[in-house]
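So you know, we letter chains A, B, ... as the sequences are listed, proteins then strands, and number each from 1.
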There are 2 protein chains.
Amino acid sequence: MTETAPRPTLEAVAARAGVSRATVSRVVNGGDGVRESLVERVRQAVDELGYVPNQAARSLVTRRHDAIAVVIAEPETRVFADPFFAMQLRGISKELTAHDSQLVLLLTEGRADHARVGRYLAGGHVDGALVFSLHLDDPLPGLIQRAGVPTVFGGRPCWSEGTRASGPTVYVDCDNRGGAREAVRHLVGLGRTRIAHITGALDQTSAVDRLDGFRDVMVDVDRRLIVESDFTPGGGERAMRELLDNCPDVDAVFAANDLTAYGAMKVLREEGLRVPEDVAVIGFDDMLPVAEQTEPPLTTVRQDIEEMGRLMARLLLRGLDRRSVRDGIGGAPSSVILPTTLIHRASA
Amino acid sequence: MTETAPRPTLEAVAARAGVSRATVSRVVNGGDGVRESLVERVRQAVDELGYVPNQAARSLVTRRHDAIAVVIAEPETRVFADPFFAMQLRGISKELTAHDSQLVLLLTEGRADHARVGRYLAGGHVDGALVFSLHLDDPLPGLIQRAGVPTVFGGRPCWSEGTRASGPTVYVDCDNRGGAREAVRHLVGLGRTRIAHITGALDQTSAVDRLDGFRDVMVDVDRRLIVESDFTPGGGERAMRELLDNCPDVDAVFAANDLTAYGAMKVLREEGLRVPEDVAVIGFDDMLPVAEQTEPPLTTVRQDIEEMGRLMARLLLRGLDRRSVRDGIGGAPSSVILPTTLIHRASA
DNA sequence: CCCGACGGTGAGAGCGCTCCCAGTACCGCG
DNA sequence: CGCGGTACTGGGAGCGCTCTCACCGTCGGG
């Protein structure tokens, strides 16, 4: 807790370098159109004084903040169990850093926080927002778009009634449905016939899409082979038990994510069933710490989470740049669906 | 990506309410010393116009930002495997929200980023900083303290030579050493005699402190019973293998954290050893998703991670408040060591 | 030889807000 | 009735920066 010293201003640098404020400003912002000898002199003055621009003053006139908000709306404890957000954040952070922007993190739980987030975003503190983890009937996306902040969503947002915004929605997602299809087809190719699906939390589009992918392949599937769950290991355990009770002849499981698969495999082991001999298991996400640690290692659908984060940031920043050059070349950025890959390990 | 509308200014609100800018400002900042009827009128004008103060303009004059930086310096991928940071962040976020402050997240990897972080903090963008995950010989803490930003560290920082700052250092940590002692004593109480320790990454004080705690109890321990590791599940596996090779008679393991314990238990199971009958295992952290999912459920030393985060934020904010009231009552806040609790589950 | 063009440079006007200080109205009291 | 307070309220300066625009010198072309 040291005392902060008063910081030198542009004026001070100008005085020391024997030039005007305007010239120093030009140098600090790139130095275009300033004689080389002067640039040098100003640079030196900046160094000597340890000058750092005052961001508040700068924002006041430029109306830019070089900061974007990351909103994670996760009322549950899933955030902890799941390295998902950490990886996305890492990707976002990298991209923003490269663009000299800051990351303002807004964690919310419960609706009460929504108003606060809406107010903050509307307050023009940031240039844009990256929004995650939306659930059905969540008023947040509507709130945010109404706040007029450029936004990119992580995962296809689902709109609750009437909150649907007018403008185009930009989001980044992976090909949940296609990935699921590939996983299930792999199980079919293995000769499995009683293939089950443990779903994710169905108030999220990712879970719904994966279920749809499962259904695409297993058209007339026995209803009891689809068990609703919630993306957690505990949920996976419960679902697997229910599955074994109802369909003891199940010979393959496609779980909505790796954590769920982990829970399911735990139950299978407890029940003395071998993976993959008796029951083949496939997960989703390829969360390394989980997928590689299971016994046997988990076959799973890989999505590049960090890349998704990076892409979201890039899309947002590109949109901001474009806007600032008065809608230059090309239209607004549009959504991106990243491909998935099936990673073959031992569990299927 | 909607277009942002021009936002109303104080002036506009003043005009609408038929008062002066100063009065509106007073109302917006609490409304003390303004006639009730006027307050009402101004409030209404604010609502009608949807006025939100311009933070940049405000910061420019007040020199406060209502934002604090959270610096996570984690070059490795540990961040992903470990819900640790997510939980701390949650705690910090809660506390900051309650104080109307924003959280600026600075993720760094590698020394190159350090300069950037130093520059950012020195740039006076935030009122203070919360810094995590320091390793030995890390120049970051020195850099930060020299930047003159009020800082609270997460975990006892270790200073590399010569970077030690002059002022007092404030940090929040749990009682790593005491917790370790309690765990090991518990194993002793169970009648175990060949008690091993798998350490964490010894370039972090938490790992060193836990090792010290182990040594406090196991004074003349067989050197081979201490195996250096790195806080990861994979590291735990390797360490456990080494342990079994060198000391097949080991009958208890105190692992530096739950993840390591998990890896160790995996190897024990593979080797056909029963937990806790043949080898008792204790972890550290009580990371719920891990500790409750192991087989058998893990006995571990619990630290309240979210509370640590919250406390760090509270300490920092308190320091800032105090400073602003010109060093009012009491001195600067000092470090806090939180107690740990041994959670008895089935593994020991 | 004059004029316009052109690369540099500096003066000055704000950006939207807070805060100091001067001003106004109204009260009670001598 | 006037005076000193008390309780508000408004005017204005100025936070540190960017950006427009006027200005200066230099150069080339007519």
With side chains defined as the heavy atoms from C-beta onward, is the minimum distance between [X] and [Y] less than 4.5 Å?
X	Y	answer
A/Val126	A/Leu121	yes
B/Leu106	B/Val104	yes
A/Asp66	A/Gln102	no
B/Thr169	B/Arg156	no

Original post:
Would you call A/Arg43 and A/Glu40 a salt bridge, using N to O less than 4.0 angstrom?
Top reply: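 A salt bridge is absent here (no side-chain N lies under 4.0 Å from a carboxylate O).
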Original post:
Quick one: do A/Glu306 and A/Arg90 make a salt bridge, cutoff under 4.0 Å?
Top reply: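 Salt bridge: no.
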**OP:** Can you pull out how bent the helix from C/dC1-D/dG30 to C/dG30-D/dC1 is, comparing the axes over its first five and last five pairs, to 10°?
**Re:** 60°
Measure [atom1]/[X] against [atom2]/[N] and give the value in whole Å, please.
X	N	atom1	atom2	answer
B/Asp32	D/dA7	CG	P	14 Å
A/Leu38	C/dG10	CG	C1'	12 Å
B/Arg64	C/dC17	CZ	C1'	14 Å

Original post:
What pair of heavy atoms forms the shortest contact from B/Gln55 to B/Arg64, and how long is it?
Top reply: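 Taking B/Gln55 first and B/Arg64 second, the nearest heavy atoms are NE2-O, 4.3 Å.
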**OP:** Ignoring backbone atoms, establish whether B/Thr23 has a side-chain N or O less than 4.0 Å from OP1 or OP2 of D/dG10.
**Re:** yes
Are any protein N/O atoms closer than 3.5 Å to N/O atoms in nucleotides 14-24 of chain D? If there are, list each pair with its distance.
| residue | atom | partner | partner atom | Å |
| --- | --- | --- | --- | --- |
| D/dC15 | O3' | B/Arg63 | NH2 | 2.6 |
| D/dG16 | OP1 | B/Arg63 | NH2 | 2.4 |
| D/dG16 | N2 | A/Ala57 | O | 3.4 |
| D/dC17 | OP1 | A/Tyr51 | OH | 2.3 |
| D/dC17 | OP1 | A/Asn54 | N | 3.2 |
| D/dC17 | OP2 | A/Leu10 | N | 2.4 |
| D/dT18 | OP1 | A/Asn29 | ND2 | 3.2 |
| D/dT18 | OP1 | A/Arg58 | NE | 2.8 |
| D/dT18 | OP1 | A/Arg58 | NH2 | 3.3 |
| D/dT18 | OP2 | A/Ser25 | OG | 2.7 |
| D/dT18 | O4 | A/Arg21 | NH2 | 3.2 |

Subject >> Residue that, paired with B/Leu103, satisfies side-chain contact (heavy atoms from CB on, under 4.5 Å) out of B/Thr97, B/Ile68, B/Val70 >> reply: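 Running side-chain contact (heavy atoms from CB on, under 4.5 Å) over B/Thr97, B/Ile68, B/Val70 with B/Leu103 returns exactly one hit, B/Val70.
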